[in-house]
Amino acid sequence: MMRIPLQHLACLALFFLVLLLPATSSASSAALVESRQTGGVTLTGTVADAVTRKPVDFATVALQDKAGKPLNGATCDDKGAFTMPRVAPGEYVLAVSFVGYKTRLHPITVSAGASSQNVGSILLETDSKALEEVVVTAEKDLIQETDDGLVYNAENDITNIGGTAADVLKKVPSLAVDIDGNVEMRGSPKIKILINGKPSSMLGDNLAEALAQIPADMIKSVEVISSPSAKYDAEGTAGVVNIITKKSSVEGMTGSVTGTLGNRTNNLNSNLNIRKKKVGIRATVGGNFNDRNGDSESEQQYFREENTIQTPTKQIQQVSTFDNNGRSIFAQLGGDYEFNEHTSLSASMRLNAGRNLSDRTLTTNEFTPAGEERVNNFRFRDMENTGRSSGLDMNLHYKRKFKKKGQELDVLTILNNNQSGSDYQLAENNRTGTITRREESDNQGRNREITFQADYSHPFDKWGSLDIGSRAVLRNSSSDYSFSFARTANAPLQLDPVRSNRFNYDQDVYSTYLSYTYRFKKTYTFRLGGRYEYTNVQGQFNTNNIDTNLDKPFHNFMPNVMVMRNFAKGQRLRLSYSTRIQRPGIGQLNPYRNESNQLNIRYGNPNLDAELTHNTDVNYSWLIKNTSVNTSAYWRQTNNDIAHYQFPVSPSSDTLNTTFENLGKNAVYGTSVSASTRIKKNGQAGLNLNLYYNDLYSFVGKYAVSRAGWMYNLSGNLSYRFEKDFSVQTAASYNSPRISLQSRSTANYSYSLGLRKEFLKRKAGVSLNVENFISSLNTIRTTVNNTNSNNLNFNNNYNRIVRLSFNYRFGKMEFKRDKALERLTGEGAKKKG
């Protein structure tokens, strides 16, 4: 860790105070000038530790009016004493702060007629931030609340070290991650995931694979925004998840290197931060190795139904094994330039490339209703798949802060470009080992997204603040898929036009929003807004030499309202309502037929419509000593719900079609409870529960279908830092059985234990993390019911994970006095004199 001179740290605190100074009203500024011209009263006092009564040297003392606007400031000397000259008579508040202590608001009354006034000794209570001399080692709570949701501080969770973004999201309240890495928020997989507040092309259709490429060591925190304002893109019916990566904003040079060895994950990541006066540069580079293996079994019972009586016709059993090896590298370069204290320009570029090798076998056996094997229908398939991807994300961000506090202009341009390639080879054998079929395919795809965005915030002196903005997102996806086959081992491959496919798809979204926020006496907060989005969809698909054209423009207006009441002792009540939209993705629209499993053919549906969701949330939180509790009750209603739909090709066929449909209504009624507490000064514990009732109704197919049931997610964590820089932490999560309109699956779980030892004054550390160490397999049982069959599937995933990580931090940080600070304290004039 880096040692920082006390004087520089105090100067930094005053510098941030200066940034608020232009927000003072003209009347306040005039009063301050008048007080300096007419002499005023000289304030003196001292700042001390509330327990030891020792002076807090170089603490920051800010003079504020009763509305909280800063008027003047001073820095304590090495004995904790401060002096503030020429203060006009009146009522004020002294805001006293220093790293490692809670900010103290101390009201004072400056009397007229005296030349000086001593306010006495102001005592500061220590905060939960641990200081070693003045080493920046602030220990944030693992979970913190915001107006729109919560923040999970991933960098404080040692069980994340050496893992991936999927490992991080498992521990976030309101989120659930299944064994395949798929993410849900309050029971819905339809969420908008951002990186540093911006969309990324790497988070495309295969989100689980993308999350496995992001190292956990890069992630600073995760924001869960369950009640997004109209300022946010309306996409993502359940809400928004914002992954915030680490970066440095202090002057100097810092960096770190982290290496991990494990049975499932191996990675090496490094980052460097350089800041010199107005210029900052950030660079990150690293690579990941992720391996997965497992097997699955399935059993399909086929029947013929007459007068509600089901007569068995045959049984098919399938056994599959898989071994996936993923490799990825990434590099990121970012920088920012501060023209002055009001204007800045930042840019970043991220490059990523990955490759995934997958070996899979599929054995198919068919039996009569009496249990006799039909040998002629035996099939053994050996499949090899290679997937490649490369992406480029670039963004340019201009920010302008005006003199009035909270008045800001943001202009943002983003370019995301992702290219992918996939090919597979398949050989099918019969019972005698003779090759009866060969297949080869090649798929080249590209996704491009360009975003132009402008946001403006304008505060009013007495009437709240207004946010307005516009956004244009231009998306284009294309793919060229060719498929060839042969019926013998030596026959030449022939192109199959039925399974070859080309498409080009455009989805352009133009939106504008307005959001008004009003705060009344720091007790009530009202927010009212609306977002209008126009979507232009065009596409050309070609399958089996048949063209399919899409031209489906549509528009939506989505209101947003929030009311919040603050009570005494940290209690807060919030009511919010919003509407969200989920547009179908290219993987759901593309009519390409995937027949790698000849009994389950998968393809997209180009006729899908967007789904619209109504979200209502009531949230209540309070603080009891060192324990914070957050509770919510919510209702989510989705119409035109997009989901998987499975049905037989014909009533007598053993082949199933799996596609996507707008299945109708999906209603969720739920409640969530999150609690976290401090254990003395060195430990903390948390518990999270999300319980909801899912009501599904569909009018697709011959008959109306409905299904409903209770589901829940439960997670918890416990950590403690012992003496001599030794830490221990444990975490666990449990996802109850899941239901969908046609299927039901059993529960899945995850638990971990992390040990960490730091040395070299916390510049270096070694961490050992183990996950699911009691049982090596997590088996998920899924049943799917159709009109002519009942299907039972067992997926066995090897998920015992051991990781050993080493990290080292280097560099030096400094805090420099700014000229604006000298103008505020008057020290610049003293030096000149």
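For clarity, every value in this text was computed on a predicted model and none was experimentally measured. Position 1 is the first residue of the sequence; numbering continues from there.
Ionic pairing of Asp423 and Arg388 is present here: one or more N-O contacts between side-chain nitrogen and carboxylate oxygen are shorter than 4.0 angstrom. Salt-bridge check for Glu771 with Arg803: passed, with a basic side-chain N closer than 4.0 Å to an acidic carboxylate O. In this structure, Asp382 does not pair ionically with Arg438, as no charged nitrogen and carboxylate oxygen lie closer than 4.0 Å. Looking at Arg583 and Glu235, a side-chain N of the basic residue comes within less than 4.0 Å of a carboxylate O on the acidic one, giving a salt bridge. A salt bridge links Glu439 with Arg437: at least one charged nitrogen is closer than 4.0 Å to a carboxylate oxygen.
For Asn293 and Asp323, the side-chain atoms include no donor-acceptor pair closer than 3.5 Å. A donor-acceptor pair shorter than 3.5 Å cannot be found between the side chains of Asn748 and Asn778. Asn694 and Asn666 share a side-chain donor-acceptor pair at under 3.5 Å. Checking Thr436 against Arg487 by side-chain atom types alone, no donor-acceptor pair falls below 3.5 Å. Between the side chains of Ser256 and Asn271, at least one donor-acceptor pair of N or O atoms lies under 3.5 Å. Looking at Ser422 and Asn443, their side chains never bring a donor and an acceptor atom within 3.5 Å of each other. Judged by distance alone, the side chains of Ser750 and Ser733 never bring a donor and an acceptor atom under 3.5 Å apart. In this model, a donor atom of one side chain and an acceptor atom of the other lie less than 3.5 Å apart for Arg756 and Ser767. In this model, no donor atom of one side chain and acceptor atom of the other lie less than 3.5 Å apart for Glu366 and Thr364. For the 3.5 Å distance criterion, the side chains of Thr258 and Asn269 fail to qualify, holding no donor opposite an acceptor. Under the 3.5 Å distance criterion, with hydrogens and angles disregarded, a donor-acceptor pair is assigned to the side chains of Asp291 and Asn325. Between the side chains of Tyr481 and Ser441, at least one donor N or O lies within less than 3.5 Å of an accepting N or O. Donor-acceptor pairing under 3.5 Å is recorded for the side chains of Asn324 and Ser358.
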Practice prompt. Show your reasoning for whether side-chain contact (heavy atoms from CB on, under 4.5 Å) applies to Arg448 and Arg475.
Written response: CA-CA 6 Å; Arg448 187 202 65 208; Arg475 300 184 178 110; over 6 Å; no
Item to complete: Would you please test Ser389 and Ser420 for side chain to side chain donor-acceptor pair (under 3.5 Å) and show each step?
Response: CA-CA 4 Å; Ser389 64; Ser420 62; over 6 Å; no
Item to complete: Evaluate the criterion side chain to side chain donor-acceptor pair (under 3.5 Å) for residue pair Asn504 and Ser478; output intermediate values, then yes/no.
Response: CA-CA 4 Å; Asn504 189 70; Ser478 62; 4.5 Å; no
Practice prompt. Check the pair Gln300 / Ser298 against side chain to side chain donor-acceptor pair (under 3.5 Å), numbers first and verdict last.
Written response: CA-CA 7 Å; Gln300 293 94 39; Ser298 67; 3.2 Å; yes
Discussion item. Using the rule given for side-chain contact (heavy atoms from CB on, under 4.5 Å), can you reason through Ser320 versus Arg360, listing the C-alpha separation, both sets of side-chain angles and the distance that settles it, and then say yes or no?
Written reply: CA-CA 7 Å; Ser320 177; Arg360 191 178 192 95; 3.2 Å; yes
Worksheet item: Yes or no on ring pair (Phe, Tyr, Trp, His ring centres under 6.0 Å) for Tyr645 and Phe647, after CA distance, side-chain angles and deciding distance?
Response: CA-CA 7 Å; Tyr645 179 64; Phe647 59 97; 5.5 Å; yes
Worksheet item: Going through the distances and angles, do Phe503 and Ser477 end up as a side-chain contact (heavy atoms from CB on, under 4.5 Å)?
Response: CA-CA 8 Å; Phe503 74 82; Ser477 299; 4.2 Å; yes
Worksheet item: side-chain contact (heavy atoms from CB on, under 4.5 Å) between Met349 and Gln332: does it pass, once the steps are laid out?
Response: CA-CA 6 Å; Met349 178 178 65; Gln332 184 169 307; over 6 Å; no
Discussion item. Checking Asn447 against Asn418 for the side chain to side chain donor-acceptor pair (under 3.5 Å) test, could you report, in this order, the C-alpha distance in whole Å, the side-chain angles of both residues, the deciding distance, and whether it holds?
Written reply: CA-CA 5 Å; Asn447 292 287; Asn418 188 71; over 6 Å; no
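Between the side chain of Asn430 and the backbone N or O of Thr432 there is at least one donor-acceptor pair closer than 3.5 Å. Within the 3.5 Å criterion, the main-chain N or O of Ser743 finds a donor-acceptor partner in the side chain of Arg707. Between the Ser500 side chain and the Asp496 main chain, a donor and an acceptor come within less than 3.5 Å of each other. Side-chain N or O atoms of Asn772 include one that pairs as donor or acceptor with a backbone N or O of Tyr751 at under 3.5 Å. Using modelled atom types, one side-chain atom of Thr730 and one backbone atom of Ser752 make a donor-acceptor pair closer than 3.5 Å. When atom types are taken as modelled, the side chain of Asn263 and the backbone of Val802 share a donor-acceptor pair closer than 3.5 angstrom.
Nearest heavy atom pair, residue Val257 against residue Ser270, reads CG2-CB, 4.1 Å. Of all heavy-atom pairs between Asn365 and Phe378, the closest is OD1-CD1, 3.1 Å. In terms of heavy atoms, Thr779 sits closest to Thr746 at O-OG1, 3.9 Å. Nearest heavy atoms, Leu608 versus Gln588: CD1-O, 3.6 Å. Pairing each heavy atom of Ser484 with each of Leu495, the nearest pair is OG-CA, 3.8 Å. Closest approach of Ile642 and Gln582 over heavy atoms only: CD1-O, 4.2 Å.
Side-chain atoms of Glu428 and Ile435, non-hydrogen and from C-beta on, never get closer than 4.5 Å to each other. Residues Arg738 and Arg744 have side chains not in contact (no heavy-atom distance under 4.5 Å, counting atoms from C-beta outward). Contact check for Gln317 versus Phe367: side-chain heavy atoms found under the 4.5 Å cut-off. Looking only at side-chain heavy atoms (C-beta outward), Arg292 and Asn797 come within less than 4.5 Å of each other. Using a 4.5 Å heavy-atom cutoff, the side chains of Thr783 and Asn790 are not in contact. Within the 4.5 Å cutoff, the side chain of Asn605 has no heavy atoms near those of the Leu589 side chain. Residues Arg350 and Phe330 have side chains in contact (heavy-atom distance under 4.5 Å, counting atoms from C-beta outward). Within the 4.5 Å cutoff, no side-chain heavy atoms of Tyr424 are placed close to those of Glu384.
Between atom CG of residue Asn786 and atom CG of residue Leu656 there is a gap of 5.0 Å, rounded to the nearest 0.5 Å.
Each of Thr658, Thr659, Asn785 was scored for a side-chain hydrogen bond (donor to acceptor under 3.5 Å, both in side chains) with Gln646, with one residue passing: Thr658.
Counting non-hydrogen atoms of neighbouring residues, nucleotides and ligands closer than 6.0 angstrom, the CZ atom of Arg446 exceeds 12 such neighbours.
Considering only residues two or more places apart in sequence or on other chains, Phe322 meets the ring-ring contact (aromatic ring centres under 6.0 Å, His included) condition with none of them. Every residue meeting the salt bridge (charged side-chain N to carboxylate O under 4.0 Å, His left out) condition with Glu373, not counting sequence neighbours, appears here in chain and number order: Arg431. Qualifying ring-ring contact (aromatic ring centres under 6.0 Å, His included) partners for Tyr505, counting only residues two or more places apart in sequence or in other chains: none.
Below 30°, between 30° and 60°, or above 60°: for Phe660 and His644 the angle between ring planes is between 30° and 60°, a tilted geometry.
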